[in-house]
Amino acid sequence: GAVVSQHPSRVICKSGTSVKIECRSLDFQATTMFWYRQFPKQSLMLMATSNEGSKATYEQGVEKDKFLINHASLTLSTLTVTSAHPEDSSFYICSASRPGGSQETQYFGPGTRLLVL
Amino acid sequence: RKEVEQDPGPFNVPEGATVAFNCTYSNSASQSFFWYRQDCRKEPKLLMSVYSSGNEDGRFTAQLNRASQYISLLIRDSKLSDSATYLCAVNKEDNFNKFYFGSGTKLNVKP
């Protein structure tokens, strides 16, 4: 399968600070990347779709000014959680869309665990 | 109604058993379907795609029923290592091929 990396794997920060998470596709170019959030024992919830060279598309209920997304190149997308609060503590996972055959497949990064104190 | 629904389980089965999960989807325009496996505190990993004609990979068989809008995953000869949460994903092709995930079905394979 394709390789997608995510950094950092774990972050502990104080309330009010901003946290940047990087997502890289290592062996293919991804024009589209996705950011998900997963709370314990819940499903992955799509937050936004990151498009190289254009603005991200956010799902309903996700604040675009709080979760800043930048897709600067075909292999890198970043998610910045601005002014993080304890309720933002979650497992953040990115995925990169790789075309193949008759279906596009998403490959996930290893995720970033964010704990806001 | 949720885009994708799954029975959360858990399904507790003995080694060697055959177990099947279903996943229903609400949007008849959905085009692509996948099963992912997620281990505790890890990211989902692609298990298999689900094609209209069905798909088999070793002990795993995936089927699509468009008329009833569900996909299924059958695991034969369960192994202890199959214990995980199985997520179905449904892709509605728009400009960005967004995926919607079910909440997952937890499988526990016991010795």
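Naming convention: chains lettered A, B, ... in sequence-line order (proteins, then strands); numbering from 1 in each chain.
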Quick note, side chain to side chain donor-acceptor pair (under 3.5 Å) partners involving residues 7-20 of chain A, not counting sequence neighbours, are A:S15-A:H85
State which residues pass ring pair (Phe, Tyr, Trp, His ring centres under 6.0 Å) with A:F91; sequence neighbours excluded, sorted by chain then number.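 Per chain and number, A:F91 pairs via ring pair (Phe, Tyr, Trp, His ring centres under 6.0 Å) with no residue.
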Side chains of A:Q106 and B:Y36, heavy atoms from C-beta outward: is any pair under 4.5 Å? yes
Using heavy-atom distances under 4.5 Å, tell me whether B:Q6 contacts chain A through its side chain, its backbone, both, or neither. neither
Any residues in residues 39-46 of chain B near chain A, with a heavy-atom distance under 4.5 Å, and which are they?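 Under the 4.5 Å heavy-atom cut-off, B:R41, B:K42, B:E43, B:P44, B:L46 qualify.
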Hydrophobic clustering (ILVMFWY, side-chain heavy atoms < 4.5 Å, transitive) - are [Y] and [X] grouped together?
X      : Y      : value
A:I69  : A:F34  : no
A:I93  : A:W35  : no
A:F28  : A:M33  : no
B:Y100 : A:M47  : no
A:L79  : A:Y107 : no

With a 6.0 Å cut-off on the ring centroids, do A:F108 and B:F101 count as close?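 Yes; B:F101 has its ring centre under 6.0 Å from that of A:F108.
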Let's test your reading of the structure: which of A:P110, A:S95, A:G111, A:G109 forms the most heavy-atom pairs below 4.5 Å with chain B?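 Of the candidates given, the most pairs with chain B belong to A:P110.
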Would you say CE of A:M45 has more than 12 non-hydrogen atoms from neighbouring residues, nucleotides or ligands within 6.0 angstrom? no
Can you pull out every ring pair (Phe, Tyr, Trp, His ring centres under 6.0 Å) where at least one residue sits in residues 60-80 of chain A? Sequence neighbours excluded, please.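 Passing the test, one end in residues 60-80 of chain A: no pairs.
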Looking at A:S43 and B:G102, what are the two nearest heavy atoms and their distance? OG-O, 2.6 Å
Side chain, backbone, both or neither: which part of A:L46 has a non-hydrogen atom closer than 4.5 Å to chain B? side chain
By a 4.5 Å heavy-atom criterion (distance strictly below it), what part of A:Q6 contacts chain B: side chain, backbone, both, or neither? neither
